[in-house]
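Quick note on labels: first sequence line is chain A, next is B, and so on, each numbered from 1.
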Number of protein chains: 2
Amino acid sequence: MELTTAEENYLKAIYHLSEEGKKSVSTNDIAASIQTKPASVSDMLRKLGEKEVIQYRKYYGLQITPLGMRLALQTIRKHRLWEVFLVDKLHFAWDEVHEVAEQLEHIQSTLLIERLDAYLNYPKFDPHGDPIPDAFGDVRSRPRIALQEMGIDQSGQIVAVKDSSPAFLRYLDKVGAYIGARIKVLDKVEFDGSVEILVDQKKTLFMSKDVANNILVLTS
Amino acid sequence: MELTTAEENYLKAIYHLSEEGKKSVSTNDIAASIQTKPASVSDMLRKLGEKEVIQYRKYYGLQITPLGMRLALQTIRKHRLWEVFLVDKLHFAWDEVHEVAEQLEHIQSTLLIERLDAYLNYPKFDPHGDPIPDAFGDVRSRPRIALQEMGIDQSGQIVAVKDSSPAFLRYLDKVGAYIGARIKVLDKVEFDGSVEILVDQKKTLFMSKDVANNILVLTS
DNA sequence: CTTATTTTTTAGAACTATCTAATTTAATTT
DNA sequence: AAATTAAATTAGATAGTTCTAAAAAATAAG
Ligand SMILES: [Mn+2]
Ligand SMILES: [Mn+2]
Ligand SMILES: [Mn+2]
Ligand SMILES: [Mn+2]
C-alpha cells in the first residue's frame, strides 16, 4: 500500500500532533500545522481512514493505526536522515534543511535510504536533536524536559529544540545556544518566566519564557 | 516561472529527442519515450506552449525555445549529478541509479544542487558517460561515435552508453565492457553487423550490432 | 434545557494529469 | 485528384488535491 506525497504529509502531521500528548488530534490542529484549510483535512481524513492508516469516525475524532504509525515513522526517518546528510555532508546550516528535507522525504527507494543511513554512519539524532527511527520504526527517545521547566541551580545539556523554524534557530546561533551545550540555570524571573543560564561554564544568557520553552534539556 | 514535475519530464523528453538529430519531434515519439498516450502529449504540448518553453503550432510540430532549453538542461544537470552521487557515494551500481535520479531531479533547491556539485568535486560526466551541464546550462560534449560505426583495426575508448536500461548495463558488466575501456575493432561481420573487439589489449569480445550501436566511443 | 458559538463536514468549483474513443488534419497510395 | 492510411487533436471521464461557502453536529453559555 502506497501513500501519495500529500497523504504522507498529513499522516506525519497527525503523528506529530498525537505525540504532543494531546488527548485527541482535531481537524483544526491538523489544518494549522500544515497550513491548509479544515475542509481539506476532513476530506483527507476520510481517505486516510479508507486506507486504514487511521481509524476515523466523523465528528468524533481519529486515532493512528499501527500501520499508520509504521508509515509515519518511515517518513520521519527519511526526513531526519536527509537533514543529517544536508548538514554533515553538504554543510547546510541547521535552519536551512527543513524545507529541502520536506521534499526529499518523499523519494521512494528502500535501497536509497538504507545506503544513506550507512553512509552517514547510522546517526541516532538529526541536527535538531530529534531521534531517528531505525528501519523497523523503533525510536529510542531520551527523557528530556523544556529548559523552562528546570529549577534554579539545576544543570543539564541541551539535546534538542522543539521549534525548527529558521527564525528560532538563527536566534539560537546568534546567542550561542547549541545542541550539546552544557547549561546551568542561574535564575528564573517569576514575573515573565524568563530564565538566566550559564552556558559551558563560561557565558551567561538571558532568554524569554518562549525561547526557554522551545529548548529541550537532558538533566543531569 | 515554475514547471511541475510532469512538465519537467515532458520537456526533458522533448530535449533528448531533439538532440537525437531528428528533423522534428513527433507527438508519438514523445508518448513512446515517456510511456504515455499521444492524447496526453497533445494536451501537455498546449500547456508547454502557453508557458513558452516550446513553440507549438498544432499539427505542425514544435521547437524548444531558449527558455525551454535552459530549463531542460537544469533538470538534466540535476539528474546526472544525483546519478554521480548515488554511484560514487552510496555505491549504487550504474544500472540502479536511473529510477531514483528520475525522482531526485525534481527536488527544488538551488543551494542543494550547488552544494551537491561541489561535494562531488564538479564532475563532468555521469556514470553512463553523459556530460553534466554546468550551472549556466553549458555542456561540453565530446565527439563520439557508435562502436558499430568504427572500421576494422580502428582504436578508441568507450566513453558512454546510449541505452541506460538495467538489462543492457548488466549485460555490459557481465561481458566486461565498461566506460574508460580501451578497445580495438578486430573484425566486423557483414552479414549481421556484429563486431569483434579487443578490450584493454587482453580480452576479445563478440557483440551484436544492437549492442555495438549502443556503445559510444571516442576514437583515437 | 434552549440558544449561541465553535468545530467539523459536505457541496460545488477549479486545477492538474491521465486515459479511451471519436474526430480532424496531414501524408501516402492508387 | 480521390481514397486510404497514419498522425495528431479534441471530447468526455476519472482521479487527486485544494479551496470557498453552506450545512450539520457537537460544545459551551445563559
Ligand atoms: Mn513533505
Ligand atoms: Mn529535524
Ligand atoms: Mn523525472
Ligand atoms: Mn545517466
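Spacing between atom NZ of B:K47 and atom P of C:dT18 amounts to 8 Å, rounded to whole angstrom units. As rounded to whole Å, 8 Å separates atom P of D:dA8 from atom CG of B:D29. What separates OH of B:Y59 from P of D:dA6 is a distance of 17 Å, to the nearest Å. Summarising the geometry, the separation between NZ on B:K37 and C1' on C:dA22 is reported as 17 Å, rounded to the nearest angstrom. Rounded to whole Å, atom C1' of D:dT17 lies 8 Å from atom OH of A:Y10.
For A:Y60 and C:dT9, the shortest distance from a side-chain N or O to OP1 or OP2 is not below 4.0 Å. A:K58 has a side-chain polar atom (N or O) that falls below the 4.0 Å cut-off from OP1 or OP2 of C:dT10. Residue A:N28 has no polar side-chain atom (N or O) positioned under 4.0 Å from OP1 or OP2 of C:dT6. Taking side-chain N and O atoms only, B:S42 has no distance below 4.0 Å to OP1 or OP2 of D:dT10.
Here the side chain of A:L45 is nearest to one of C:dT18, C:dT9, D:dT9, namely C:dT9. Here C:dC19 is the nucleotide among C:dC19, D:dC19, D:dT9 with the atom lying nearest to any side-chain atom of B:T36. Among C:dC19, C:dT10, D:dA25, the nucleotide with an atom closest to any side-chain atom of A:A39 is C:dT10.
In the displayed structure, A:K209 atom NZ is contacted under 6.0 Å by at most 12 heavy atoms of other residues, nucleotides or ligands.
Between B:K12 and B:E8, no side-chain nitrogen of the basic residue sits less than 4.0 Å from a carboxylate oxygen of the acidic one, so the salt-bridge criterion is not met.
Between A:D130 and the choices A:K162, A:R140, A:R144, A:K124, the salt bridge (Lys or Arg N to Asp or Glu O under 4.0 Å) rule is met once, by A:R144.
Looking at heavy-atom distances under 4.0 Å, B:T27 makes contact with sugar-phosphate atoms alone, never a base.
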